[in-house]
Trainee: 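The structure under discussion is supplied below as structure tokens; questions concerning it will follow.
Nothing fancy with the numbering, it's 1 onward along the sequence.
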Amino acid sequence: MNFTRWSARLPGTQRRAAARTETAVSPDRRGEGSVPAARAEQQPADGAPPVPAVDELPARDVLDRVPALVALVHGPDHRIAYVNDAYAAAFGVRPPGAPAREALPELAELGLLPLLDQVLRSGKPRTLKSRKAVDGRSYTFTCTPVAEDGGDGAVLVFATDVTDHAEAAERLRASERRQRETAVTLQRSLLPQELEQPDDLRIAATYQPGGTEAAVGGDWYDVITLGGGRTALVIGDVMGRGVRAAAVMGQLRTAVRAYARLDLPPHEVLQLLDGLATEIDANQIATCVYAVHDPNEGRLVYASAGHLPILVRDENGTVVRADEPTGPPLGTGGWMHASGSIALSPGSTAVLYTDGLVERRNEDLDEGIAALERALSGATGTPQVVCDRLVRSAGVTADHDDDVAVLVLQHPARTGPEGDLFRNAALELLGGVEAAPRARAFASGVLTSWRFPADLHDLGVLATSELVANSLQHGIPPMRLRLRRTDRRLIIEVTDGDDHLPRRRRAEPGDESGRGIAIVATIASNWGSRRTPGGGKAVWCEFLLPRG
């Protein structure tokens with residue numbers, strides 16, 4: 001067999017041969033300073049012996065000295081014609097004439113035999129990159145067709161040892177896996193381990209990290225009970241990937257919980273977060289929605305910093321998108337955020353989510369939101385069931401290319417015996433000092449009709465008396481008393497038109513006032529105050545109901 005002709009098929013040889021052909025010139029122009037053809041003998045100028053041309057080199061000796069693995073097989077069953085010394089050193093001596101399936105088991109294990117068939121059929125070279133062989137080393141195999149005079153064709157197998165490159169790549173992948181696992185662990189540890197469950201809402205959430213090829217982002221969510229029956233709901237997304245994004249997310253989530261305790265309107269909370277995000281990292285921005293649900297109002301009051309709109313599905317299946325107002329993301333600075341509201345009546349379901357749920361490559365974002373609206377319109381069941389259905393409908397899988405966070409809340413329509421556990425009663429406090437005894441009588445009648453035990457009835461009437469007296473002394477009209485019971489607690493709230501918030505203080509023995517809030521804080525399970533949107537304030541306290 002002509003090994004020289006087959007050696008010309010080695011990778012790169014054809015390109016070099018083409019280059020020599022392009023530079024070669026016709027014999028009639030050699031006198032014009034042209035370079036002689038490669039196969040002609042070169043005569044050194046100093047009289048040294050002539051250097052043999054490439055065609056005169058012994059091909060077998062060349063291939064035996066090549067550090068790469070070389071094998072030549074011919075015919076449809078790929079019978080061995082030749083293996084070089086490097087191949088024999090790696091896999092052992094191979095008998096000529098034996099079929100490759102029997103004599104070259106290492107190639108069969110790598111799945112190279114079907115590739116040899118393809119090369120014979122197509123007449124085009126094929127390459128198999130970085131495969132680990134039975135000797136423990138990694139090779140890149142190139143199979144090149146070789147034409148035979150009157151034969152069935154042959155294939156030259158050329159294997160390059162890429163073990164060092166493969167090991168370096170594996171070390172890099174292992175490092176990336178460790179970094180991702182660290183980021184995922186940090187991310188999950190910073191998310192709420194167990195969601196707070198308000199009395200009036202049913203809530204579920206899910207978080208799905210990106211696939212193994214995607215670094216973990218900074219998606220987060222939270223549920224914060226504010227007291228007085230009100231609940232804050234938060235979802236956000238820190239731009240960027242990896243541990244840094246997760247760390248910034250943790251700081252923002254902690255700050256949101258701290259600001260929520262101030263019971264500020266949603267836009268003021270985002271205003272504080274905006275300044276904090278700039279201080280944490282001026283190059284890092286985040287989107288966020290902060291919403292507050294008040295069961296007495298039947299609405300979600302929210303503010304958005306560049307985040308996707310809240311979706312609300314009513315009990316009839318109609319989905320409404322809360323589009324306005326939306327400000328720029330956190331960390332941009334210089335923007336006055338504003339609050340908006342959307343109805344959340346009994347029987348409604350609201351969804352807060354991050355962009356990983358609706359954003360797809362080569363697809364408009366509005367199309368993804370519209371698809372989510374269609375999925376939500378037909379999603380019924382518990383909040384967790386709705387969560388799972390929305391994630392499945394969006395095609396989110398384990399190898400998704402972005403983080404996904406979804407928060408679903410339902411305001412159930414309670415009827416029958418369950419409805420008797422959720423009651424409201426209100427009284428306008430008109431007139432002067434005579435409003436106090438009227439409020440006590442009203443509270444006593446309501447608590448009696450709700451069949452509270454005597455001790456809880458007396459505590460409720462006392463707390464009502466102190467809150468009303470405090471409002472009459474320090475507040476201004478309009479004033480209102482509201483009593484609310486849930487299946488877990490009794491809530492008493494008094495509102496007036498003055499925005500000065502009361503505080504608990506120590507009264508001296510000779511003081512005739514200043515003990516009202518201290519008494520309420522002592523007998524109640526919890527108490528607090530907040531400013532209302534109309535310019536006044538609300539002071540509330542709550543008592544936990546006995547189980548059963």
Trainee: Strictly below 4.0 Å, N to O, side chains only: are D263 and R230 in salt-bridge contact?
Mentor: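 Looking at D263 and R230, the cut-off is met.
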
Trainee: Looking at K537 and D499, is there a salt bridge between them, counting it only when a charged N and a carboxylate O are closer than 4.0 Å?
Mentor: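 Looking at D499 and K537, the cut-off is not met.
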
Trainee: Do Q384 and D388 meet the criterion of a side-chain donor-acceptor pair at a distance under 3.5 Å?
Mentor: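 Yes, a side-chain donor-acceptor pair sits under 3.5 Å.
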
Trainee: Under 4.0 Å between a Lys/Arg side-chain N and an Asp/Glu carboxylate O for R299 and D294?
Mentor: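 No, no charged N to carboxylate O under 4.0 Å.
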
Trainee: Give a yes or no on this: more than 12 heavy atoms of other residues, nucleotides or ligands lie within 6.0 Å of atom CH2 of W450.
Mentor: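 Above 12, so yes.
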
Trainee: Between the side chains of Y207 and D403, is a donor N or O closer than 3.5 angstrom to an acceptor N or O?
Mentor: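 Looking only at side-chain atoms, D403 and Y207 do form a donor-acceptor pair, the distance falling under 3.5 Å.
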
Trainee: Should R177 and E170 count as an ion pair when the cut-off is N to O under 4.0 Å?
Mentor: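 Yes, charged N to carboxylate O under 4.0 Å.
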
Trainee: Show, in sequence, the C-alpha distance, side-chain angles and deciding distance for H411 and L409, and conclude whether the side-chain contact (heavy atoms from CB on, under 4.5 Å) test is met.
Mentor: CA-CA 7 Å; H411 185 192; L409 58 139; over 6 Å; no

Trainee: Passes side-chain contact (heavy atoms from CB on, under 4.5 Å), V256 versus Y290? Steps please.
Mentor: CA-CA 9 Å; V256 169; Y290 181 87; 4.0 Å; yes

Trainee: For residues R489 and D199, determine if any side-chain heavy atom of one lies less than 4.5 Å from a side-chain heavy atom of the other.
Mentor: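 R489 reaches D199 side chain to side chain.
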
Trainee: Look at the side chain of S339 and the backbone N and O of H267, then say whether any donor-acceptor pair between them is shorter than 3.5 Å.
Mentor: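 Yes: the side chain of S339 pairs with the backbone of H267.
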
Trainee: For the atom pair CZ (R414) and CG (D487), what is the distance rounded to the nearest 0.5 Å?
Mentor: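 Reported to 0.5 Å precision, the distance equals 6.5 Å.
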
Trainee: Determine whether the side chains of D219 and T354 contain a donor N or O and an acceptor N or O closer than 3.5 Å.
Mentor: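 The answer is yes; a qualifying pair exists.
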
Trainee: Would you say H337's side chain and E268's backbone share a donor-acceptor pair under 3.5 angstrom?
Mentor: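 Such a contact is absent between H337 side chain and E268 backbone.
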
Trainee: Do R313 and T349 have side-chain N/O donor and acceptor atoms under 3.5 Å apart?
Mentor: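 Looking only at side-chain atoms, T349 and R313 do not form any donor-acceptor pair under 3.5 Å.
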
Trainee: Establish, from distance only, whether the side-chain atoms of S348 and D314 form a donor-acceptor pair under 3.5 Å.
Mentor: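 D314 and S348 do not have a side-chain donor-acceptor pair below 3.5 Å.
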
Trainee: Tell me yes or no: between the side chains of R440 and S465, is some donor less than 3.5 Å from an acceptor?
Mentor: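 Yes, because at least one side-chain N or O of R440 sits under 3.5 Å from a partner of the opposite role on S465.
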
Trainee: Whether the side chain of Q193 engages the backbone of L191 through a donor-acceptor N/O pair (distance < 3.5 Å, no angle test) should be reported.
Mentor: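 A pair under 3.5 Å: yes.
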
